[in-house]
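Written below as structure tokens is the structure these notes are about.
Because the structure is predicted, anything quoted here is derived from the model rather than measured. Each chain gets a letter, A, B and so on, in the order the sequences are listed, and its residues count up from 1.
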Amino acid sequence: MNQMNNFTKGFIKENPVFVLLLGMCPTLGVTSSAINGLGMGLATTFVLVMANIVVSMVKNFIPDKVRIPSFIVIIATFVTIVELVMKGYLPALFDSLGLFIPLIVVNCVVLGRAEAFASKNNLLSSLIDGLGMGLGFAFALTLLGGVREFLGAGTIFNMTVYPEKYGMLLFILAPGAFIALGYLIAIINHFRKA
Amino acid sequence: MEYIVIIIAAILSNNIVLAQFLGICPFLGVSKKISTAVGMTGAVTFVMTLATIVTYLVQKFVLDPFGLGFLQTISFILIIASLVQLVEIVLKKVSPSLYQALGVFLPLITTNCAILGVAILTIQNDYNLMEGVVYAIASAVGFGVALILFAGLREHLDLINVPKGMKGTPVALIVAGILAMAFMGFAGLV
């Protein structure tokens, strides 16, 4: 039961994007379509899970003073793996996510979970925490990407819902990212407090 | 001439925060007061310029000749993290007053994706060292312009009566969206 809670908290109650406001750069930068949001979310989930596993395994060997740099190296290793695998097998997605793949290293969600959770908990809880938080992050990015794609181009996951000429191009462009996320957080705040 | 193009693009039409979404965390985090925004801008300018120079030299003289391009992400983030530490130690000794002003912002900068982003973009855009330095400084100025403008707007937001669910971050994000829209007016300038 406890592990179940640990897993589901990332979705709504402690959602990294909507509630904790972490990892804003990729959230805003890559969500011009639902598929990009999902790709970024899953890439981050992989890094988050693997980094949490390794950090929770080596936590007793790392001196307290150098723990942050060590965590960053661990995270950067997995980011490099994601980068190379995606370049090899999903070149189209790699091109559209571009700069934001190496920038997973500085995503505060990943470092935040390593520092706040994995460095204090055992392997299994860290794995579940990473998975829950990562999927919560992926869920948030996909939702935001879907909303922007729907309002901007009239499609969801590239399936046409209404003709593109009625779409508001603004939502695909940079300002739309800020505005759509602002309204999504406002809606979630409204229901969370009620 | 190309320096002017780089400067105008980095500050206005391709602003690092409002068009490229780099450095959003400090943009939302330290923009509640103009004075902290100015301090953060100073620290970012300093570290961004240094980091771009060092990462450029490492890329050209270590990674490229030995075919170690795949180590770019790891080595750049390590360089930036150690550089921030170094700057902190040096500033503390050499200029305590500057350290007082910038000190609290320095640890935050390691995880500022604008620094790593600009370092990688300098390599990707194939700039030479001088262009890279100009690009880094102009990007930092662009970051500062966006941050300080936004901080000014946010100081006014406190006085306005907004609906309950919109208070705090949501309304700030929408204001940022409108600011980004204003910056879109510069598109096509370069």
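Neither the backbone nor the side chain of A:Ile101 has a heavy atom closer than 4.5 Å to any heavy atom of chain B. Only the side chain of B:Leu78 comes within contact range of chain A, with heavy atoms under 4.5 Å apart. When heavy atoms are compared at a cutoff of 4.5 Å, A:Leu170 approaches chain B solely by way of its side chain, counted from C-beta outward. Contact annotation for A:Leu99: only side-chain heavy atoms (C-beta onward) come within less than 4.5 Å of a heavy atom of chain B. Using a 4.5 Å cut-off between heavy atoms, B:Val17 touches chain A through its backbone atoms (N, CA, C, O) alone. Residue A:Thr27: no heavy atom, backbone or side chain, is found under 4.5 Å from chain B. Neither the backbone nor the side chain of A:Ile75 comes within contact range of chain B; no heavy atoms are under 4.5 Å apart. Using a 4.5 Å cut-off between heavy atoms, A:Leu181 contacts chain B through both its backbone and its side chain. For chain A, the nearby part of B:Leu28 is the side chain; its heavy atoms alone come within less than 4.5 Å. Heavy atoms of B:Ala19 lying under 4.5 Å from chain A belong exclusively to its backbone. Of the atoms belonging to B:Ile77, it is side-chain heavy atoms, and not backbone ones, that fall under 4.5 Å from chain A. B:Met184 touches chain A through its side chain: at least one heavy atom from C-beta onward sits under 4.5 Å away, while N, CA, C and O do not.
Using a distance-only test at 3.5 Å, with no hydrogens or angles considered, no donor-acceptor pair links the side chain of A:Tyr183 to the main chain of B:Met166. In this structure a side-chain-to-backbone donor-acceptor pair under 3.5 Å is present from A:Glu149 to A:Asn158. At least one donor-acceptor pair under 3.5 Å links the side chain of A:Lys59 to the backbone N or O of A:Ser56. Between the side chain of B:Asn15 and the backbone N or O of B:Ile11, at least one donor-acceptor pair lies under 3.5 Å. Remark: side-chain polar atoms of A:Asn52 are paired, donor with acceptor, to backbone N or O of A:Ser126 under 3.5 angstrom.
Looking at heavy atoms from C-beta onward, B:Val141 lies out of side-chain contact with B:Thr45 at the 4.5 angstrom threshold. Between A:Val110 and A:Phe78 the shortest side-chain heavy-atom distance does not fall below 4.5 Å. Proximity of B:Tyr56 to B:Val133: side-chain heavy atoms (C-beta onward) are nowhere separated by under 4.5 Å. You'll find the side chain of B:Val175 stays beyond 4.5 Å of the side chain of B:Arg154, heavy atoms only.
When each of A:Val105, A:Ile68, A:Val106 is scored by its heavy-atom pairs under 4.5 Å with chain B, the top score falls to A:Val106. Note: B:Gly177 leads B:Gly177, B:Ser82, B:Cys25 in heavy-atom pairs under 4.5 Å with chain A. Contacts with chain B were tallied for A:Pro102, A:Gly98, A:Cys108, A:Gly23; A:Pro102 has the most, counting heavy-atom pairs under 4.5 Å. The greatest number of non-hydrogen atom pairs below 4.5 Å with chain B, out of A:Leu103, A:Val30, A:Leu21, A:Ile187, is found for A:Leu103. Between chain A and the residues B:Ala180, B:Gly168, B:Pro170, the most heavy-atom pairs under 4.5 angstrom are made by B:Pro170.
Classified by interplanar angle (parallel below 30°, tilted 30° to 60°, perpendicular above 60°), the ring pair B:Tyr135/B:Tyr127 is tilted.
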Would B:Phe27 and B:Phe21 count as a ring-ring contact (aromatic ring centres under 6.0 Å, His included) here? Give the steps. CA-CA 10 Å; B:Phe27 181 66; B:Phe21 300 115; 9.9 Å; no
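Within a 6.0 Å radius of NZ in A:Lys13, other residues, nucleotides and ligands contribute 12 heavy atoms or fewer.
Between A:Leu22 and A:Phe137, the closest heavy-atom pair is O-CE1, 4.4 Å.
Heavy-atom proximity under 4.5 angstrom to chain A picks out B:Phe70, B:Thr73, B:Ile74 from residues 67-75 of chain B.
Cluster partners of B:Val38, by chain and number: B:Ile34, B:Ile148. The rule joins Ile, Leu, Val, Met, Phe, Trp and Tyr whenever side-chain heavy atoms lie under 4.5 Å apart.
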